[in-house]
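All remarks here apply to the structure that follows.
Residue indices begin at 1 and follow the sequence shown. Start at 1 and go down the list; that is how both ligands and their atoms are numbered.
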Amino acid sequence: MIAACTPPLRSAAHRIAVVGAGYAGLAAASTLEHARQCVTVLEAGHRPGGRACTQQLSAELALELGATWFHGGVGDVAEKNPVFQHAVGAGLIDSRPEVEAVPQDAGGTTADHLRVAWQQLLASGKVPVEQEALARRAWRWREHLQRAMDGCHSTADQSAQGLALYDEMPGGVHAALPAGMQAVAELLAGQLSDVRYGWEVRRITWGGPGGISIECKDGSRLEDLDAVIVTVSLGVLKAQHGTLFDPPLPADKVAAISSLRIGTVDKVFLEFENSSIADINETATAAVPPSEAALDSAAGPAAEAAAEPAGPAAAPASGSEATTADAVVSYAFLWSEPWEADGGVAAGQAASESQVPDWLKGVFSLRFGGPEVKLTGQAGGTAGGARGGVGPPARQRPAAELEDESTDEEFVPCAAAVRPTSYQAVAWVTGEAALAMEAASDEEVLNALRQLPTLFPQVQLPPGASWDSVKLHRSKWGTDPHFLGSYSYLGPGSTPADVAALAAPVCATAGQNAGAPVLLFAGEACHVKYIGTMHGAYMTGRQQAEVLLCALSPAGG
Ligand SMILES: Cc1cc2nc3c(=O)[nH]c(=O)nc-3n(C[C@H](O)[C@H](O)[C@H](O)COP(=O)(O)OP(=O)(O)OC[C@H]3O[C@@H](n4cnc5c(N)ncnc54)[C@H](O)[C@@H]3O)c2cc1C
């Protein structure tokens, strides 16, 4: 993706702006500063990290609203995950072992392939007729998981070839970072000399004989720039490219922006107050251990649902633990109505299920504990352990396989389970359901989620937790104007050429820099193999900085 060096920029003092302080922007700015260039990073928000967003709720509790895992490139491998490398360098994490390769396929949409696999499963006779309805719901659940893994709005909207082109970095485990993924971005931003927060770029004027100028929302300006590296999300480019660039971007760039897709994947966190903390303090006893009774009651209704598939079913997907202070317990929700496709109320569908808001049926899992919840100095959950279950969208692999990762030494659960002040659960929701969830008020979202235990009696709260005393924390990636989507993918008509067109530098057409790259693009959408990841974003930022350095260098021409 690195363009050939074009004529060098002939300015003596090179002034470069980087728009966006996510991993792409930070990598670009770091690379340029290491090469002694004068760089200003303009970030619309008030923190670095972009979609790596760790929300610190208190000294003890933080939530990963965005990226959670290093998707590979960790351990003793040739190609390193650069974000992971920074985390290792800063002493935030140790190395990790390897995992499996990615299946390759091509043609059609992901939904086509899921349908074929489903038909093959039915034809194999492995699904007893009486369990077909239940299996169908499990299949729909898997489709939701696929959306969450790939960020696609719907699998019918995703090119299967594009999915096959995505590659797991060798040496890939899905390792979480105890300090949260924003921590590495904070380190990188802290090493830069000029990062300006709250500078929302509104217009980039380029292409004239003079330098490039940037105008921000509040009227602030940067003038006489030699080059700009733009790292805003594909969602922002889709919405704003027409007004952001003057003159407009070349037609092939606009076509690529339009062809590539970005979907919405949101996390909805529930923070349950532990009302039994007073009792625990008084008696100085640990939280109640996993109870056989709770496990039995969780398994019972699921088994009934298998025999009578008309109603919704939930299974504790992590399988071996009840919901307690220090356990990671996942529930998979097997809704009887598909979120989209069929529409209407399915025959035999439980009446109660037809009365909940449609978006709730896009909630396909609820997990207590796990790596999205960062706890320090307090019991309950894990301190960044990559423990799995249902919901975490590990790229390209079933979430259940994540279970194995809980044994690695450096990701031990928090201190022994004593006196958790609250319990945290996370639900994932994707596509149209996620957008509808974002449009609903906090109260509406909480009221909808409170219906889950009625619909899925298998869902158990930890001791001391209640649906009456719960706080909501959630992402709104789809409608946040600084993102307008979660991560990118190739749509049915997209090809890797679109990604290349998006990533291609735009050259000046006039003036002393004519022919030199002056407008460069980086970000997760600019990497075919590692699209939708932090490391993909980082690599594109570094690459584009290198393209620019090559043009700036006297040897470049
Ligand atoms: C829910 C979720 C889960 C994810 N899970 C993982 C995971 O587990 N592992 C993984 O590797 N990746 C994951 N990702 C993807 C990963 O977070 C992104 O691919 C990566 O962080 C994108 O980095 P970026 O620099 O390309 O863009 P961003 O992080 O979006 O950075 C762009 C920056 O530009 C700023 N900006 C926007 N408009 C303007 C403007 N007009 N002026 C100035 N600044 C502007 C934004 O505020 C933002 O900070 C996840 C993403 C989401 C949303």
Side-chain angles (χ1 to χ4, degrees), residues 17-29 41-53 64-73 81-84 148-151 168-169 172 174-177 181-182 184-185 188-189 195-204 214-217 220 228-237 239-241 243-244 262-268 371-372 386 392-395 426 428-430 434 474-478 480-489 521-527 530-541:
V18 173
V19 183
Y23 276 113
L26 294 170
V41 179
L42 303 177
E43 166 56 50
H46 295 278
R47 59 170 184 86
R51 281 167 275 174
C53 173
E64 289 286 42
L65 292 183
T68 305
W69 289 273
F70 296 113
H71 290 307
N81 183 322
V83 184
F84 179 80
M149 287 195 284
D150 304 323
E168 196 73 0
M169 288 193 84
H174 297 269
L177 189 62
M181 287 301 178
Q182 196 176 300
V184 178
L188 291 172
V195 183
R196 304 184 190 181
Y197 296 105
W199 281 55
E200 184 177 321
V201 173
R202 278 293 168 89
R203 199 152 186 87
I204 302 173
I214 287 183
E215 186 181 336
C216 292
K217 187 181 172 185
S220 317
V228 178
I229 300 186
V230 179
T231 72
V232 302
S233 72
L234 177 64
V236 170
L237 284 178
Q240 294 171 15
H241 73 82
T243 54
L244 196 53
I262 182 162
T264 303
V265 176
D266 276 319
K267 300 181 192 178
V268 181
E372 294 106 325
R395 308 266 326 196
V426 61
W428 289 72
V429 55
T430 66
R474 55 176 164 154
S475 63
K476 291 188 178 179
W477 296 112
D480 185 323
H482 297 160
F483 301 95
L484 299 174
S486 295
Y487 29 99
S488 305
Y489 57 98
F521 291 81
E524 52 90 16
C526 295
H527 205 298
Y530 303 145
I531 194 166
T533 63
M534 292 178 291
H535 56 278
Y538 185 103
M539 288 173 178
T540 61

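The backbone and the side chain of Trp69 each have at least one atom closer than 4.0 Å to an atom of ligand 1 (non-hydrogen atoms only). Contacts between Thr533 and ligand 1, counted as non-hydrogen atom pairs separated by less than 4.0 Å, involve both the backbone and the side chain. Under 4.0 Å from ligand 1, the heavy atoms of Phe483 that appear belong solely to its side chain. When non-hydrogen atoms are compared, ligand 1 lies under 4.0 Å from the side chain of His71 (C-beta onward) but not from its backbone. Only the backbone of Leu42 comes within 4.0 Å of ligand 1, judged by heavy-atom distances.
Between Glu372 and Thr68, the side chains place no donor N or O within less than 3.5 Å of an acceptor N or O (distance only, hydrogens not considered).
For Tyr489, there are no ring-ring contact (aromatic ring centres under 6.0 Å, His included) partners at least two apart in sequence or on another chain. Arg203 meets the salt bridge (Lys or Arg N to Asp or Glu O under 4.0 Å) test with Asp246; sequence neighbours excluded.
In the vicinity of His482, heavy-atom distances shorter than 4.0 Å reach the ligand 1 atoms 37 (C), 46 (C), 47 (O). Applying the 4.0 Å criterion to heavy atoms of Thr231 picks out, from ligand 1, the atoms 32 (C). Heavy-atom proximity to Val265, at under 4.0 Å, picks out these atoms of ligand 1: 1 (C). Close approach to Trp199 involves these atoms of ligand 1, each under 4.0 Å from a residue heavy atom: 42 (N), 43 (C). Every atom of ligand 1 with a heavy atom of Gly50 under 4.0 Å away is listed here by number and element: 29 (O), 48 (C), 49 (O). Interface atoms of ligand 1 facing Gly523, defined by a heavy-atom separation under 4.0 Å, are 26 (O). Numbered from 1 in the order shown, with element, the atoms of ligand 1 that lie under 4.0 Å from a heavy atom of Gly49 read 29 (O).
For ligand 1, the polar-atom distance check finds an N/O of Val201 within less than 3.5 Å of one of the ligand's N/O atoms. At a 3.5 angstrom cut-off on N or O pairs, Ser233 does not count as close to ligand 1. In terms of polar-atom proximity, defined here as any N/O pair under 3.5 Å, Leu65 makes no such contact with ligand 1. Note: no N/O pair closer than 3.5 Å links Lys267 and ligand 1 by distance alone. Polar contact check, Glu200 against ligand 1: no nitrogen or oxygen pair lies under 3.5 Å apart. Checked by distance only, ligand 1 and His535 stay at 3.5 Å or farther apart across all their nitrogen or oxygen atoms. The shortest N or O to N or O distance between Thr68 and ligand 1 is below 3.5 Å.
Here the shortest heavy-atom pairing between Leu26 and Gly49 reads CD1-N, 4.4 Å. Contact detail for Ile214 and Ala17: the closest heavy-atom pair is CD1-CB, 3.7 Å.
Residues Cys53 and Trp477 form a side-chain contact, since some pair of their non-hydrogen atoms from C-beta on lies under 4.5 Å apart. Contact annotation: the side chain of Met539 approaches that of Pro82 to within less than 4.5 Å [non-hydrogen atoms, C-beta and beyond]. For the pair Trp428/Lys267, a side-chain contact is recorded, criterion being any heavy-atom separation below 4.5 Å from C-beta on. A 4.5 Å side-chain heavy-atom check between Leu484 and Ile262 finds every atom pair outside the cut-off. Side-chain contact between His527 and His535 is absent, with no heavy atoms from C-beta onward closer than 4.5 Å. The shortest side-chain heavy-atom distance between Leu188 and Tyr23 falls under the 4.5 Å cut-off.
Under the 4.0 angstrom criterion for non-hydrogen atoms, Gly66 is in contact with ligand 1.
Of the candidates Gly485, Ala44, Gly536, Ala434, it is Ala44 that places a heavy atom closest to atom 44 (N) of ligand 1. Selection from Ala525, Gly263, Ala67 by nearest heavy atom to atom 14 (N) of ligand 1 gives Ala67. Atom 50 (C) of ligand 1 has its nearest heavy-atom neighbour, among Phe70, Tyr487, Phe84, in Tyr487.
Within the model, atoms OG1 of Thr430 and CE of Met149 stand 11.5 Å from one another, a figure rounded to the nearest 0.5 Å. From His482, atom NE2 reaches atom NE2 of His46 across 7.5 Å, with rounding to the nearest 0.5 Å.
Between Phe70 and Phe84, the two ring planes are perpendicular [angle over 60°; tilted spans 30° to 60°].
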